[in-house]
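In what follows, a single structure is set out as structure tokens and then discussed.
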Amino acid sequence: MRDSYLIYIASSVFAVAVLTLLAMLVDDPTLKSSHYWNVTLQQFMYVMAFVFAFFTFVYMTYVGGFFIQQQRLEFKTYFKLGMSKFAIALISFLETIVVQLIAWVIGMLLAVILQKFIGMLLVYLMRIDLTFRFYLSMDVIWIMLKTGFYSSIILSLLNGFRAYLILRERKKKQHFYNNWFIRSLLGIFGVVLFLSGVALTMPLLSMSSEIGRNDDSMILTFIIGLLYVFGSYFVFRGFLPLVLEMLDRIKFFSYRGTNLFSFKYLHQRLVKNTSIIWFITELSALAVAMLVFCYAGYQIVYQDYQISYSFSLVSTKDQAGAVEQQLKDHGTKVKERYHTPIKRTIAEIWDYSSKEYTPRLVSVMSYDNYLKLPQRITKKNPSIKSGDFLEIKGELSALTPNYNNIEHPISVKNAPKITARKVGSMFPYGSRMYSGLMLVVPNSYYRQINSDASETFYGWDVKGADKMSATAIKRLKQKEHQYYLTVHVKSSLNKSYITKSDKLDGKYLGTNQYIQSSFVRQEVTKNIVRQATGFFLFLITTFSIALLIALGSLLTLKVLLRDDYEWRQLKTLKRIGASENEIKVIIKKETALLFGMPMIFALIQSFLVIGILKLVFSTTNQFASFVLIGLSYVLLYGLTGVLTYILSWRGVKDKL
Amino acid sequence: MQIIVKNIAKDYGKKKNAVHALKDIDLEVAEGEFLGIMGPSGAGKSTLLNAISTNERPDHGQIIIDGIDMTQQHDRTLAKYRRHKMGFIYQSFDLLDSLNVKENIILPLVLNHSSKKIIEQRFEHLNRLLDIGELSQRTIDDLSLGQRQIISAARALINNPEILFADEPTGSLDSKSATILLNYMQIINQREKTTILMATHDAFTASYCSRVVFIKDGSIFSEIVNSGNRNDFFEQVINMQRTIGGGSYFNIP
Ligand SMILES: Nc1ncnc2c1ncn2[C@@H]1O[C@H](COP(=O)(O)OP(=O)(O)OP(=O)(O)O)[C@@H](O)[C@H]1O
Ligand SMILES: [Mg+2]
């Protein structure tokens with residue numbers, strides 16, 4: 001009994017600590033001060049914290065259930081001795097609330113202690129230049145305390161009710177599923193569902209992800225998801241027990257050594273734990289899929305970056321001379337020099353978040369000038385003819401929603417409305433050189449635009465290192481060289497205008513104010529890409545791994561906690577003459593079943609992510625990422641399984 | 001099978017709460033003997049049977065069965081030995097609730113990987129003998145205590161053990177079933193030279209034995225040998241029980 005208190009407290013402490021850590025991260029001032037932090041990320045973190053809170057709650061509900069189940073016989077005896085149902089329910093209520101409150105306090109303390117460490121790890125992994133300070137957010141503590149209080153009350157009430165139900169249980173309920181025939185039917189139905197899910201995944205992989213067909217494949221993905229979720233439930237509920245039952249009925253198998261016992265024992269363990277095995281399977285499939293998604297996503301983004309930022313150095317007109325001088329001084333080998341005049345004006349573009357047209361800065365280059373740019377970069381954009389428009393999106397295609405959406409026409413100041421355009425992301429000057437929108441327009445259209453602030457971009461493609469000294473780079477990047485553009489929005493687009501200034505009035509950029517960088521080196525961009533996406537992906541990864549570990553520990557608990565009934569069975573088996581080895585084999589099979597089933601089914605299901613990746617990133621096969629993450633998952637759960645087996649066997653050996 | 005118990009002792013618990021369940025017991029059981037073990041509740045009968053049947057290791061002392069010192073053997077060897085040569089009727093029956101009656105009975109044979117034919121044969125034989133045919137497909141949960149006891153006896157006997165350990169085998173049986181079981185035990189004892197060790201409170205049950213040892217507080221108190229006359233032996237047993245106290249019909253002031 002002491003053991004189950006300890007296990008209950010330990011697992012609750014774990015859950016609370018992870019949740020508190022996550023909540024503290026969301027509210028951490030150090031991270032907020034980083035400029036990679038933005039509102040979307042913050043919202044995303046809130047959602048994640050909330051989702052995790054939900055899972056934590058479900059997790060604790062399950063663990064609490066084991067705890068009460070363990071005391072079943074005890075409660076029944078109290079009841080027989082004349083204690084009222086209410087009193088027993090009250091006992092289990094009080095017991096749970098004490099354990100819960102202790103767990104919350106310890107878990108939160110642990111989180112506070114670990115907070116700095118985790119924060120430092122995060123900053124280190126993202127290679128952000130921040131010193132992580134210890135910070136205790138009173139808001140978070142207060143919210144967590146409140147959450148802890150309410151959830152403790154709810155869980156305790158639930159446990160009180162559970163104890164009450166245990167006492168009310170009169171006869172074995174003739175449950176719907178207990179009917180052999182119905183269960184077998186459901187089991188076979190489940191297999192059919194699951195297999196059709198697998199079968200449908202295959203065409204999804206070969207489906208092309210052209211625009212317009214996206215919707216179909218999204219629906220298909222959703223259907224496959226449903227087939228998997230329900231299919232695996234019925235497989236666990238009906239099919240696996242059916243298989244064990246059949247094995248048990250065939251004397252050829254069952255009349256051998258401990259099989260006669262172990263088939264029944266495994267059957268019992270399986271039937272008792274169906275819902276939890278299913279829960280774990282589905283969530284770990286989700287976690288594995290998210291991990292693959294992040295990993296593959298990161299790789300895609302990184303490749304994307306390597307393609308789109310193949311320039312070495314770029315600068316504005318003012319700095320071009322200085323850069324050239326530097327290159328000459330250091331004897332850098334320049335493979336290619338290019339430059340492009342840019343006009344700047346204002347355009348009304350569709351804002352997806354506010355769902356309206358908003359005036360924004362737009363930079364324009366002519367078709368002729370576009371052709372002069374290095375082909376090795378621009379050829380990855382869709383090809384355009386002299387009369388076409390091309391929108392160059394600085395964002396990374398992989399992570400931008402509505403990337404390909406060209407539904408909304410663009411109106412440019414004092415120029416015809418652009419109704420049709422193509423979208424690309426390859427830009428020989430890199431996305432850091434311009435803000436707002438970048439358009440390649442036909443020559444005649446270009447001439448029509450009157451520029452409010454023209455500029456010429458210069459680019460150098462060097463062979464090997466650029467050999468620039470750190471001080472030179474620092475000098476080139478100095479704030480004095482950059483300038484600011486402000487869009488003054490007036491009653492109509494044609495009346496609005498742009499001003500250029502060397503200084504900002506306030507401390508921060510306003511909504512329609514833009515910085516023009518004077519000099520960009522590839523190195524800088526690399527860091528930004530890595531940090532911005534890394535940050536985002538790292539958080540999802542943390543979340544997924546925490547989820548996987550939590551689920552693994554749930555399985556461990558499930559294996560370790562046997563009720564009295566199961567103990568008595570093993571003990572009896574030993575007394576009849578089963579050797580330690582034979583019992584060990586039974587424990588081994590039991591662990592393998594409880595760990596193996598979720599693993600196999602989760603892996604099969606998470607394979608769907610390859611299809612999703614294809615839809616979202618429209619990339620070629622990401623099979624390697626899947627194999628890598630899948631293997632790590634198998635390794636993690638395999639190790640947990642082995643550890644569980646060792647613990648479990650120790651426990652059994654001590655007790656028998 | 002000859003059994004020699006040399007100077008064994010067993011304590012339970014630690015320091016303050018220590019219980020000396022067995023204190024330096026010496027005992028010899030000849031091959032084919034039907035030995036009764038009697039004594040008041042808590043005297044150490046079950047503990048002694050458990051020690052001799054190698055279910056529990058004594059703290060010190062030796063248990064020599066057929067010339068082999070069991071206390072020196074590895075657990076694995078002991079398990080094998082138990083399975084092949086011994087049968088047990090436990091005081092608390094120790095049946096597996098997840099198996100039905102038939103499966104419980106044949107379990108020792110299945111564990112030994114016996115052939116299906118032999119399993120069915122032996123099962124049929126015991127079925128007829130102990131008259132438990134109708135029970136065979138029932139689940140253990142539904143059985144009465146007496147029915148459980150007879151099932152656990154059938155399980156003990158199914159592999160024709162060379163030594164049978166019976167802890168209170170008739171405690172829950174009606175007199176007819178008890179007589180059937182005891183007669184059967186007597187038959188296998190005489191015909192197949194099965195050595196039987198039986199703990200009991202009941203003087204009638206004890207009267208089937210060829211010898212009865214009495215233990216009290218973990219030590220052997222005395223013993224009585226059956227001279228051949230059941231009635232005399234029965235009287236002797238009852239007298240001895242009166243002397244040590246405990247047992248079914250005495251201690252009435
Ligand atoms: N597992 C155990 N742990 C602690 N003490 C035990 C254990 N088993 C037996 N004992 C103690 O050892 C002593 C002997 O017990 P044992 O079961 O051998 O008695 P018994 O003669 O079989 O009694 P009964 O006639 O009631 O079956 C008792 O005092 C008992 O409390
Ligand atoms: Mg006893």
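It should be emphasised that the depicted structure is a prediction, and the values quoted were computed from it without experimental measurement. Chain letters run A, B, ... following the sequence lines, proteins first and then strands; every chain starts at 1.
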Beyond-backbone contact of [X] with [Y], side-chain heavy atoms, under 4.5 angstrom:
X        : Y        : answer
B:Glu103 : A:Tyr255 : no
B:Pro108 : A:Ile576 : yes
A:Thr572 : B:Asp97  : no

Using a cut-off of 6.0 Å, state whether more than 12 heavy atoms not belonging to [X] lie near its atom [atom1].
X        : atom1 : result
B:Tyr12  : OH    : yes
A:Lys589 : NZ    : yes
A:Tyr645 : OH    : yes
B:Lys6   : NZ    : no
B:Tyr184 : OH    : yes

Which atoms of [X] are under 4.5 Å from chain A, going by heavy atoms: the side chain, the backbone, both sets, or neither?
X        : answer
B:Asn55  : side chain
B:Phe93  : neither
B:Ile119 : side chain
B:Asn50  : side chain

Quiz item: If you look at every heavy atom in B:Ser98 and A:Gln569, which pair is closest and at what distance?
Solution: OG-OE1, 2.7 Å
Quiz item: Looking at residues at least two apart in the chain, or sitting in another chain, which of them share a ring pair (Phe, Tyr, Trp, His ring centres under 6.0 Å) with A:Phe595?
Solution: none
Self-check item: Partner of A:Phe261 by side chain to side chain contact (heavy atoms under 4.5 Å, CB included), out of B:Asn104, B:Leu96, B:Val110
Solution: B:Leu96
Practice problem: Only one of A:Arg568, A:Lys574, A:Arg575, A:Lys571 passes side chain to side chain contact (heavy atoms under 4.5 Å, CB included) with B:Asp94; say which it is. | Solution: A:Arg575
Practice problem: Sort out for me which of B:Ile106, B:Thr54, B:Asn112 touches chain A most, counting heavy-atom pairs under 4.5 Å. | Solution: B:Ile106
Practice problem: Please determine if B:Arg83 and A:Glu582 form a salt bridge, counting it only when a charged side-chain N lies under 4.0 Å from a carboxylate O. | Solution: yes
Exercise. Sort A:Tyr265 into side chain, backbone, both or neither according to what part of it lies under 4.5 angstrom from a heavy atom of chain B.
Key: neither
Self-check item: Proximal component of A:Gln268, with respect to chain B [non-hydrogen, under 4.5 Å]
Solution: side chain
Quiz item: What distance do B:Leu111 atom CG and A:Ser579 atom OG have between them, rounded to the nearest 0.5 Å?
Solution: 8.5 Å
